[in-house]
Protein chains: 2
Amino acid sequence: MAQDSAPLSARDRAERIEEILRDRICVLDYPPGMRLSEAELAEEFGISRTPLRRVLARLESAHLLHSVHGVGTFVTDLADEELDQIYRLRIELAQLAGRLDPVPPSTALLTQFRDLADRAMALQPDPETPRPFAQLIMDFILAQSQLCANKPLMEVTQHLYFQTARIWVQSLFTSSLDLAEELSVFAREVADVLAALEAGDLDAAASIHRTHISLSYRRMRARRETGA
Amino acid sequence: MAQDSAPLSARDRAERIEEILRDRICVLDYPPGMRLSEAELAEEFGISRTPLRRVLARLESAHLLHSVHGVGTFVTDLADEELDQIYRLRIELAQLAGRLDPVPPSTALLTQFRDLADRAMALQPDPETPRPFAQLIMDFILAQSQLCANKPLMEVTQHLYFQTARIWVQSLFTSSLDLAEELSVFAREVADVLAALEAGDLDAAASIHRTHISLSYRRMRARRETGA
DNA sequence: TCGGGTGCTGTTGTGCACATCATAAGCGAA
DNA sequence: TTCGCTTATGATGTGCACAACAGCACCCGA
């Protein structure tokens with residue numbers, strides 16, 4: 001039977017909706033501070049508020065949403081200090097991913113990395129539409145996380161990335177001065193990681209990733225200083 | 001007005017119930033595999049199923065519960081491999097807690113550690129009632145997590161502890177041979193950490209904690225080998 | 001005796017109506 | 001005019017009835 005016509009279970013539907021909403025938050029379709037309407041979302045996905053609220057509750061426990069009785073459900077923002085703490089933790093965990101249960105990439109995953117490298121080279125920076133750039137980086141992060149077989153570490157890594165992604169993209173697109181440079185830096189990171197993977201050096205790939213997280217965070221802080 | 005009589009908001013009520021249920025899972029009041037009844041829990045807490053289900057959804061996203069349509073809601077178990085991965089991650093994070101935003105303990109927190117040390121010394125091992133021992137260790141973990149000001153790291157550390165706690169306690173109380181020894185080992189850990197804290201060496205405290213997690217995991221694996 | 005179909009029972013999942021709450025507009029008196 | 005109260009509105013939170021589903025006992029026919 002065709003997969004598409006297979007009826008999705010309640011759990012699968014909820015999981016899919018959660019992914020969609022998380023994606024929209026991370027690529028700034030729903031920017032920090034934006035109010036989401038339970039009624040509108042329920043209508044969009046063709047369900048009632050009850051199962052939708054279950055999804056929102058999960059996103060709230062992931063610190064991506066925040067509901068206030070009688071007011072609304074809002075996309076969360078991050079204070080500078082929290083952002084700083086998360087980034088320093090992400091840097092440590094990225095290094096850790098090379099040491100804890102590293103797995104060589106399958107040929108399919110290698111192909112995926114090559115596609116990512118191509119996409120990065122081909123992408124034209126457009127200050128008006130952050131989505132393509134944000135989505136590209138997100139796909140890269142998800143691919144990178146497949147290099148580590150330690151599932152809890154992978155989950156935590158992604159969880160922390162989801163929290164910082166929108167803030168980083170936002171800082172990049174509000175000043176929008178360094179967009180082209182940031183894109184070329186990212187393209188080089190993908191190329192470097194790909195080279196390390198083809199050489200079979202997983203720890204090197206992790207170190208490169210770690211370094212780029214660290215450097216991109218420094219550049220973001222520099223933007224924050226000059227912008228403020 | 002008195003704090004106790006202050007009406008709890010919906011959010012606070014839910015948070016409180018979540019803590020209670022998580023506590024019951026971690027100290028084996030609800031052992032792995034046990035079925036929980038939404039209706040009974042709702043009645044116990046004097047609310048309807050709707051808000052209770054919100055709490056259960058959050059515990060499910062923390063991998064402590066698992067609901068199956070038409071069957072029931074069950075306390076999750078952990079396969080050996082998952083347990084292994086979580087423990088190795090916990091060991092790394094425990095070390096990290098000494099390096100990332102360490103904070104000297106307040107006098108109140110030091111007092112709390114001394115109380116914990118006293119409780120550990122005074123506790124009589126009883127193979128029939130794991131609760132006192134499990135609760136003591138949980139309180140120690142929560143106190144220890146206050147030595148690190150990096151909130152995301154603290155959250156992750158606690159989250160991972162909640163997942164392993166019940167399995168560790170269960171392995172200890174099913175064989176129940178090493179209970180007295182394990183208790184004395186724990187008492188020494190608390191004493192060692194307390195000594196390090198009184199000397200002002202936070203990194204040493206973290207290292208001691210890390211070592212004890214590692215060793216207690218080895219002892220658990222040894223029990224698993226001999227028991228099977 | 002055995003196999004399979006069928007209904008029963010109890011569970012989680014969903015939809016809907018209403019309660020509760022926060023906000024802002026409206027309005028009247030000082 | 002301006003301050004403060006009232007009211008209207010729209011949001012999330014809750015309770016309840018029912019739908020969907022899985023498992024089990026039961027029963028009937030071969």
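Computed from a prediction, not measured in an experiment: that's the story for all the values here.
- Between A/Val68 and A/Arg13, it is A/Arg13 whose nearest contact on DNA chain C lies nearer the 5' terminus.
- Taking 4.0 Å as the cut-off between side-chain N and carboxylate O, B/Asp139 and B/Arg119 count as a salt-bridged pair.
- Between A/Leu36 and B/Thr50, the one whose closest nucleotide on DNA chain D sits nearer the 5' end is A/Leu36.
- Side-chain N/O atoms of A/His159 and A/Glu155 include no donor and acceptor closer than 3.5 Å.
- Using a cut-off of 4.0 Å between Lys/Arg side-chain N and Asp/Glu carboxylate O, B/Arg54 and A/Glu60 are scored as salt-bridged.
- At a threshold of 4.0 Å, the pair A/Asp29-A/Arg131 counts as salt-bridged, since one of the basic side-chain nitrogens sits closer than that to a carboxylate oxygen.
- In this structure, A/Ile17 places its CD1 atom 13 Å from C1' of C/dG13, rounding to the nearest Å.
- Atom CZ of A/Arg35 is separated from atom C1' of C/dA22 by 12 Å (rounded to the nearest Å).
- Distance, B/Leu65 CG to C/dT11 P: 16 Å, rounded to whole Å.
- Closest-nucleotide positions on DNA chain D for B/Arg54 and B/Arg49 were compared, and the one nearer the 5' end corresponds to B/Arg54.
- The distance from atom CZ of B/Phe45 to atom P of D/dG13 is 19 Å, rounded to the nearest whole Å.
- Distance CD1 (B/Ile47) to C1' (C/dT20): 16 Å, rounded to an integer number of Å.
- Residue B/Arg53 places none of its side-chain N or O atoms closer than 4.0 Å to OP1 or OP2 of C/dT12.
- Interface remark: the B/Arg11 side chain does not form any donor-acceptor pair with the D/dG13 base, using a distance-only criterion of under 3.5 Å.
- The side chain of A/Val71 approaches C/dA22 more closely than any other nucleotide in the set C/dT12, D/dT14, C/dA22.
- In this structure, of C/dT14, D/dT12, D/dT14, it is C/dT14 that holds the atom nearest to the side chain of A/Ala10.
- Using a 4.0 Å cut-off between a side-chain N of Lys or Arg and a carboxylate O of Asp or Glu, A/Arg49 and A/Glu40 do not qualify as a salt bridge.
- In this structure, CZ of B/Phe74 is placed 12 Å from C1' of C/dG10, rounded to the nearest angstrom.
- Checked against D/dG15, C/dT12, C/dC21, the side chain of A/His69 finds its nearest nucleotide in C/dC21.
- As a whole-Å value, the separation of A/Glu40 CD from D/dG10 P is 13 Å.
- When rounded to the nearest whole Å, the span between CD of B/Glu43 and C1' of C/dT11 equals 16 Å.
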